[in-house]
**Student:** 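Pasting a structure here, questions to come.
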Amino acid sequence: MPRLSEVIAALENLWPAERAESWDAVGTVVGEPGQDVTRVLFAVDPVQEIVDEAVKLGADLLVTHHPLYLRGTTTVAASTFKGRVVHTLIKHDIALHVAHTNADTADPGVSDALAGALDLRVVRPLVPDPGDPDGRRGLGRICELDHPLTVRELAVRAAERLPATAQGIRVAGDPDATVRTVAVSGGSGDSLFDHVRAAGVDAFLTADLRHHPASEARAHGAHGAHQPLALLDAAHWATEWPWCELAAAQLDEISDRHGWGLRVHVSKTVTDPWTSQFPSPGAPN
């Protein structure tokens, strides 16, 4: 039975904190280094619903992708919703560890898991990490399809393969256009349009696409020789959830190698904040 410090060391080896963005808040948030760990739960969001699930499961460690306190705080009072998360974790001896942008750029990382869920073959990072001489780490991934699909067929595949959300998959572009190459980025991806255009891919699948960046990205290719870039916008949570399964499998392998006997779980609780969607009458579909 490993101690928390041993498990955290293994997680830090997978996702070193120094590879996180400077604005990010990763690493261990709650936890006694000497406590024993037998059961681990992976999830996207460190929200009360997930913490309650960890308590019910009897987990000793919760690993999430999103930070609990990204911008710092002056209180962990239980009268605040994040403070109640901290109180619940400590009361039940559950540690919390966060791997965010250091998991985004890892090899394999968040976008590898997203590509894997869609049966896309990863070719290279969309934004390579200059500190990686092998050229495998970085933000987003450029992928190829085993055989061409239409934008519609790719969107249907994404809707079927990613966890179900109220949003589903929004598409900008000709649904009958042919797709051979795709850029993917788990989470918010509209800051990456320059890299996507430079890659010359047929489609970009990500989340949280805003009106102006999406409109400009579509307009850029409207009069060029290459077909206009198709955009597939999924729910933020849904594009990052596949990483939980990947990360759990990585920890399982480490546990087997060390003889730790960890029981590793992935939360299937949907913590996407959007709960319903009502299409406009007569809207294009």
Side-chain angles (χ1 to χ4, degrees), residues 11 14-15 19-20 26 40-47 49-50 53-54 62-67 97-127 136-146 149 153-171 179 181-189 192 201 203-209 231-254 264-274:
L11 299 182
L14 292 174
W15 318 298
R19 291 185 187 153
V26 301
V40 183
L41 178 65
F42 283 84
V44 175
D45 296 302
V47 294
E49 191 175 9
I50 296 297
E53 182 180 345
L62 171 63
V63 181
T64 65
H65 182 52
H66 289 151
H97 186 80
V98 173
H100 191 211
T101 53
N102 48 333
D104 286 333
T105 58
D107 172 35
V110 171
S111 293
D112 292 292
L114 175 58
L118 301 177
D119 279 343
L120 304 175
R121 185 172 66 84
V122 172
V123 178
R124 62 185 184 276
L126 176 62
V127 187
R136 296 177 60 88
R137 292 197 311 266
L139 197 59
R141 295 293 184 266
I142 296 171
C143 308
E144 293 179 344
L145 291 158
D146 286 339
L149 295 176
E153 290 169 332
L154 180 59
V156 168
R157 178 185 291 191
E160 292 174 344
R161 302 285 182 85
L162 296 180
T165 60
Q167 173 182 317
I169 308 295
R170 298 190 300 174
V171 173
V179 177
T181 56
V182 187
V184 300
S185 183
S188 304
L192 303 176
V201 293
F204 180 34
L205 189 151
T206 187
D208 297 340
L209 290 179
L231 305 178
L232 289 81
D233 183 43
H236 188 120
W237 173 84
T239 64
E240 294 181 330
W241 184 85
W243 171 80
C244 295
E245 290 196 320
L246 168 64
Q250 289 177 286
L251 182 57
D252 256 333
E253 189 276 327
I254 292 169
V264 183
H265 305 262
V266 175
S267 174
K268 290 183 169 57
T269 301
V270 178
T271 54
D272 184 71
W274 306 107

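Being a predicted model, the structure only gives us computed values, none of them experimental. Below, all heavy atoms of this structure are taken into account, side chains as well, without hydrogens, waters or symmetry copies.
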**Student:** For L162 and I169, which heavy atoms make the closest approach, and how far apart are they?
**Tutor:**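 Shortest heavy-atom separation between L162 and I169 comes out as CD1-CD1, 4.5 Å.
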**Student:** Grab the two heavy atoms, one from A207 and one from A234, that are nearest each other, plus how far apart they are.
**Tutor:**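 The answer is CB-O, 3.2 Å.
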**Student:** Give a yes or no answer on whether the side chain of T206 reaches the backbone of S185 with a donor-acceptor pair at less than 3.5 Å.
**Tutor:**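 Checking the backbone N and O of S185 against the side chain of T206, a donor-acceptor pair under 3.5 Å is found.
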**Student:** Are side-chain heavy atoms of P67 and V26 found at a separation under 4.5 Å?
**Tutor:**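 Not in contact.
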**Student:** Would you say that V63 contacts L41 through its side chain, given a criterion of any heavy-atom pair below 4.5 Å between the two side chains?
**Tutor:**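 V63 does not reach L41 side chain to side chain.
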**Student:** Mind checking whether V171 and L231 have side chains closer than 4.5 Å, heavy atoms only?
**Tutor:**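 When only atoms from C-beta onward are counted, L231 and V171 do not touch, as no gap falls below 4.5 Å.
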**Student:** Treating T239 as the side-chain partner and G187 as the backbone partner, does any N or O pair qualify as donor plus acceptor under 3.5 Å?
**Tutor:**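 Yes, the answer is positive, given that a donor and an acceptor are paired below the 3.5 Å cut-off.
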**Student:** Let me confirm one number: the OG1-CD distance from T271 to E240, rounded to the nearest 0.5 Å.
**Tutor:**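 The CD atom of E240 is 10.0 Å from OG1 of T271, to the nearest 0.5 Å.
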**Student:** Who passes side-chain hydrogen bond (donor to acceptor under 3.5 Å, both in side chains) against E245, sequence neighbours left out?
**Tutor:**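 Not a single residue meets the side-chain hydrogen bond (donor to acceptor under 3.5 Å, both in side chains) criterion with E245.
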**Student:** What residues form a ring pair (Phe, Tyr, Trp, His ring centres under 6.0 Å) with H65, not counting sequence neighbours?
**Tutor:**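 So H65 forms a ring pair (Phe, Tyr, Trp, His ring centres under 6.0 Å) with H100, W243.
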**Student:** Using every non-hydrogen atom in the two residues, find where A235 and Q167 come nearest and quote the distance to one decimal.
**Tutor:**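 Reported closest heavy-atom pair: N-NE2, 3.6 Å.
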**Student:** What's the shortest heavy-atom distance between S111 and R141, and which atoms?
**Tutor:**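 S111 and R141 have their closest heavy atoms at CB-CG, 3.7 Å.
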**Student:** Does any N or O in the side chain of W241 come within less than 3.5 Å of the main-chain N or O of S267, such that one atom is a donor and the other an acceptor?
**Tutor:**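 Yes, because the side chain of W241 sits within donor-acceptor range (under 3.5 Å) of the backbone of S267.
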**Student:** Quick check: does any side chain N or O of T64 sit under 3.5 Å from a backbone N or O of V98, one acting as donor and the other as acceptor?
**Tutor:**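 No: the side chain of T64 does not pair with the backbone of V98.
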**Student:** Do L126 and L139 touch side chain to side chain, with heavy atoms closer than 4.5 Å?
**Tutor:**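 They are not in contact (no side-chain heavy atoms under 4.5 Å apart), so the answer is no.
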**Student:** Please assess L62 against H97 for the test side chain to side chain contact (heavy atoms under 4.5 Å, CB included), listing each intermediate value before the final yes or no.
**Tutor:** CA-CA 6 Å; L62 171 63; H97 186 80; over 6 Å; no
**Student:** Which heavy-atom pair separates H236 from H66 by the least distance, and what is that distance?
**Tutor:**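 In this case the closest contact between H236 and H66 is NE2-NE2, 3.3 Å.
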**Student:** Would T269 and E49 count as a side-chain hydrogen bond (donor to acceptor under 3.5 Å, both in side chains) here? Give the steps.
**Tutor:** CA-CA 8 Å; T269 301; E49 191 175 9; 5.2 Å; no
**Student:** Using side-chain hydrogen bond (donor to acceptor under 3.5 Å, both in side chains) as the criterion, list what pairs up with R161, not counting sequence neighbours.
**Tutor:**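 So R161 forms a side-chain hydrogen bond (donor to acceptor under 3.5 Å, both in side chains) with D119.
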**Student:** Within the structure provided, determine whether P125 and I142 are in side-chain contact (heavy-atom separation under 4.5 Å).
**Tutor:**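 Not in contact.
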**Student:** For R136, does the CZ atom have more than 12 heavy-atom neighbours from other residues, nucleotides or ligands under 6.0 Å away?
**Tutor:**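 No, the 6.0 Å shell around CZ holds no more than 12 heavy atoms from other groups.
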**Student:** Please evaluate residues C143 and V184 with respect to the criterion side chain to side chain contact (heavy atoms under 4.5 Å, CB included), reporting the C-alpha separation (whole Å), side-chain torsions for both, the decisive distance (0.1 Å), and the verdict.
**Tutor:** CA-CA 7 Å; C143 308; V184 300; 4.0 Å; yes
**Student:** Counting C-beta onward and ignoring hydrogens, is there a side-chain heavy-atom pair between L232 and L154 closer than 4.5 Å?
**Tutor:**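 Yes, close enough: below the 4.5 Å cut-off.
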**Student:** Going by side-chain hydrogen bond (donor to acceptor under 3.5 Å, both in side chains), name the residues that satisfy it together with D272, two or more places apart in sequence or in a different chain.
**Tutor:**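 Result, side-chain hydrogen bond (donor to acceptor under 3.5 Å, both in side chains) vs D272: none returned.
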**Student:** Would you compute the distance between atom CZ of R137 and atom CG of D104 and round it to the nearest 0.5 angstrom?
**Tutor:**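 Rounded to the nearest 0.5 Å, the CZ-CG separation comes to 13.5 Å.
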**Student:** So, taking the atom named CG in L246 and the one named CG in L114, what distance separates them when rounded to the nearest 0.5 Å?
**Tutor:**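 Atom-to-atom, L246:CG and L114:CG are 11.5 Å apart.
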**Student:** Determine yes or no for a side-chain-to-main-chain donor-acceptor pair under 3.5 angstrom, with N102 supplying the side chain and A99 the backbone.
**Tutor:**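 Pair absent, no side-chain N/O of N102 close to backbone of A99.
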**Student:** How would you list, by chain and number, every residue that makes a salt bridge (Lys or Arg N to Asp or Glu O under 4.0 Å) with D233, sequence neighbours excluded?
**Tutor:**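 With sequence neighbours excluded, D233 shows a salt bridge (Lys or Arg N to Asp or Glu O under 4.0 Å) to R170, given in chain and number order.
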**Student:** How about T165 and W237: do any of their side-chain heavy atoms sit closer than 4.5 Å?
**Tutor:**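 Yes, close enough: below the 4.5 Å cut-off.
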**Student:** Can you list everything that forms a side-chain hydrogen bond (donor to acceptor under 3.5 Å, both in side chains) with Q250? Sequence neighbours excluded, please.
**Tutor:**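 Partners of Q250 under the side-chain hydrogen bond (donor to acceptor under 3.5 Å, both in side chains) test: none.
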**Student:** Is the shortest heavy-atom distance from the side chain of F42 to the side chain of L251 under 4.5 Å?
**Tutor:**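 SC-SC contact between F42 and L251 confirmed.
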